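The structure presented is a predicted model; accordingly, all values stated were derived computationally and were not measured. Protein chains get the first letters and strands the later ones, always in sequence-line order, with residue 1 at the start of each.
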2 protein chains.
Amino acid sequence: MHSPRAPLAFTTSPLDRAGDRRCDPAWLAAKRRASDALILPLRQLQPLILDDASTSGPRIGLLDAVTVERLDLPDGPEVFLGLDGGRAHFARDVTAAPEAAASALLRLGQFRDARASAPFLSPGEIALLGQAKAMIDWHARTRFCGTCGQGTESADGGYRRFCPRCGAEHFPRTDPVVIMLVTDGEDCLLARNKRYGSNRIYSTLAGFMEPGETIEEAVRREVFEEAGIRTGRVRYFASQPWPFPHSLMIGCYAEANSREIAIDGHEIVAARWFAKDEIRTMIADGYKGETGLPRREAIAFHLIREWADA
Amino acid sequence: MHSPRAPLAFTTSPLDRAGDRRCDPAWLAAKRRASDALILPLRQLQPLILDDASTSGPRIGLLDAVTVERLDLPDGPEVFLGLDGGRAHFARDVTAAPEAAASALLRLGQFRDARASAPFLSPGEIALLGQAKAMIDWHARTRFCGTCGQGTESADGGYRRFCPRCGAEHFPRTDPVVIMLVTDGEDCLLARNKRYGSNRIYSTLAGFMEPGETIEEAVRREVFEEAGIRTGRVRYFASQPWPFPHSLMIGCYAEANSREIAIDGHEIVAARWFAKDEIRTMIADGYKGETGLPRREAIAFHLIREWADA
């Protein structure tokens, strides 16, 4: 129960981010012009997915520089993702592409939701999609300076934006979220979030961290707010980048000090204790019963399974 | 070596953040008008500190609502910090206060750096300063909408800003930072950062997390970028909110897989291996030698001490 048995979705990127070198505009420009450069287009935050029937199935739409050049795309945020054996990878926002370029892209593949595509791609590809989506989303939300309202400009391969008027610098945002399985001996607490809609899924509690608290304090606060349960010992399990839009899921186990559940009624619409045996059965039978568990891409599933198997 | 022996600075806030209730404007207004409400002024991100010689020394400048009313302050970001036994605490940015109000505030106390004040205050007071500073700083950086450039407005007790033009919502920002002690058996790796200036301090490596990586991946990337050391197993230790401006320090131990140091030369100007005995001596003699360790407010000190004492 100390770490996930396999890498989580959106982790294990094969790329070297080259944090120092990407700040050198000459180095970066040379890498971008190089004939082996690869560019992943995203439209409205959905990456291009190629369905190559001649190979093993879908793969992410990394286009070579010549193809991208021919498309005659408008200037748009472009982000350096990293190097794979010296070969530079970029992500490019093509949301504003004119009709002709958009049609040409759609002859190559489809723009698809990153999470829905995850089951069909390799772990390295999914990690790359996640990084690209989080970065492009941050650029869209940082077009203007929060301090003075002026338009901002991109620098350092897309890892910094700056304000030409007031000089403020803006860096990519990552929102830490605590996600925790509350346990009480052989029982664990799962809840239905209102955003699940009609899906009969029960999952772990979770919530955004706030300024001025530790991970452990955030876990105890969220569990009490959402389910009315007091918790004691908190143990870190694993973390997962979650590009919706740019969170870091920090997975923990929290030991309950009380049993009586009082749901908040806003975010959480139901919650109950599940016995370890019940969880094992749910996992084994593929959730054919009344309730289901979260999908395997989510760290919530791994928190639950590692506990149930321990 | 599994958790810090005492709470870290900026943690263990006594306040209930009342996350649900603070979104109710009527409830919040009543709490703000209540005769027992307390307001902490900050000027240029420095909190008001009162030096009450008649009591036990400095304390944070929580003013009652009547005092604040009399000061005739301009409208400025005000943030709900939480409840202590039903009593509401707020933080208020008074940077734009006119001369008369500023003078009146300076007759009550001094505006002082939050970190420099930490050694003189109680843990609960320091936690409250940290929360206030991080929140007020975020408001100053989010005056305008990053998506469209329009001025934003505050809501939910200061925990949300929204854009009246495009509808974008903005939430308080917390930047996750990995901070790690690299160990190799009885040795640990410490480094001098160029921002320490002439202070002869050696500390742990640290760096901001980037979109698309786990805590463990960020630890390994930063250690390799800054010191050229490959690391294997990473273990979480503890976390600490660090309001400069609004980071979350995620403290870890990382086991070295290599010995030869190659510093980056930009951020890190020196690095070397320290034997456990040497660290113990440095802590015991209060750093009277050539090199020092970080201050006790910093999680870096606790990472080092817990390892040295294990």
Side-chain angles (χ1 to χ4, degrees), chain A residues 3 7-8 10-13 16-17 19-20 81 127-128 130-135 137-138 140-152 159 168 170-176 207-217 221-222 225 235-236 238-241 243 246 248 250 264 266, chain B residues 3 7-8 10-13 16-17 19-20 81 127-128 130-135 137-138 140-152 159 168 170-176 207-217 221-222 225 235-236 238-241 243 246 248 250 264 266:
Chain A
S3 58
L8 303 177
F10 300 111
T11 74
T12 63
S13 168
D16 167 8
R17 289 167 184 257
D20 264 358
L81 297 175
L128 209 142
Q131 181 190 1
K133 179 172 182 298
M135 289 294 297
D137 189 290
W138 170 73
R141 292 173 195 252
T142 318
R143 288 176 60 215
F144 295 89
C145 177
T147 304
C148 82
Q150 177 78 6
T152 58
Y159 289 79
H170 304 278
F171 295 95
R173 176 168 173 147
T174 298
D175 295 316
F208 286 101
M209 291 190 66
E210 294 198 352
E213 59 186 3
T214 64
I215 291 170
E216 294 77 10
E217 289 172 339
R221 175 183 56 74
E222 284 286 346
E225 280 178 10
R235 276 175 307 144
Y236 170 77
S239 62
Q240 180 187 36
H246 31 55
L248 171 70
I250 303 174
D264 71 6
H266 302 297
Chain B
S3 60
L8 303 177
F10 300 111
T11 73
T12 64
S13 168
D16 167 7
R17 291 167 182 256
D20 264 358
L81 297 175
L128 209 142
Q131 181 189 0
K133 180 174 181 300
M135 288 295 296
D137 189 290
W138 171 73
R141 294 172 194 253
T142 319
R143 287 177 59 215
F144 296 88
C145 177
T147 304
C148 81
Q150 177 79 6
T152 57
Y159 289 79
H170 305 279
F171 295 96
R173 177 169 170 145
T174 297
D175 294 315
F208 287 100
M209 292 190 66
E210 294 197 351
E213 59 187 2
T214 65
I215 291 170
E216 295 76 11
E217 288 172 339
R221 175 183 56 73
E222 283 286 346
E225 278 177 12
R235 276 176 306 144
Y236 170 77
S239 62
Q240 180 186 36
H246 31 55
L248 171 70
I250 302 174
D264 70 8
H266 302 296

Residues at least two apart in sequence or cross-chain that pass side chain to side chain contact (heavy atoms under 4.5 Å, CB included) with Ala127(B), listed by chain then number, are Ser13(B)
With chain B as the partner, which of Glu216(A), Arg221(A), His246(A) has the greatest number of non-hydrogen pairs under 4.5 Å? Glu216(A)
With salt bridge (Lys or Arg N to Asp or Glu O under 4.0 Å) as the test, pick out the partner of Arg17(A) among Glu217(B), Glu222(B), Glu210(B), Glu225(B). Glu210(B)
For Arg173(A) and Phe171(B), the nearest pair of non-hydrogen atoms, with its separation, is NH2-O, 2.8 Å
At what distance, to the nearest 0.5 angstrom, does OH of Tyr236(B) lie from CZ of Arg235(A)? 13.0 Å
Select, from Gly146(B), Gly130(B), Gly212(B), the one with the greatest count of heavy-atom pairs under 4.5 Å involving chain A. Gly146(B)
Would you check if the side chain of Ser239(A) reaches a backbone N or O of Ile215(B) as a donor-acceptor pair within less than 3.5 Å? yes
State, yes or no, whether a side-chain contact exists between Glu213(A) and Leu248(B) at a heavy-atom distance under 4.5 Å. no
Closest approach of Ala134(B) and Pro211(A), non-hydrogen atoms and distance? CB-CB, 3.7 Å
Tell me, please, which residues at least two apart from Asp16(B) pass salt bridge (Lys or Arg N to Asp or Glu O under 4.0 Å). Arg21(B)
Under 4.5 Å from a heavy atom of chain A, the part of Ala140(B) involved: backbone
When heavy-atom pairs shorter than 4.5 Å are enumerated against chain A, which of Arg143(B), Arg141(B), Gln131(B) gives the highest number? Arg141(B)
Name the region of Pro243(B), side chain, backbone, both or neither, that has any atom closer than 4.5 Å to a heavy atom of chain A. neither
Does any backbone or side-chain atom of Thr11(B) lie under 4.5 Å from a heavy atom of chain A? Answer side chain, backbone, both or neither. both
Heavy-atom distance under 4.5 Å to chain B: side chain of Thr174(A), backbone, both or neither? both
For chain A, which of Phe144(B), Trp138(B), Tyr159(B) has the most heavy-atom pairs under 4.5 Å? Phe144(B)
Using non-hydrogen atoms only, which part of Thr12(B) is less than 4.5 Å away from chain A: side chain, backbone, both, or neither? both
Minimum heavy-atom distance Gln240(B)-Thr214(A), with the two atoms named: CA-CG2, 4.4 Å
Which portion of His266(B) sits near chain A, non-hydrogen atoms under 4.5 angstrom: side chain
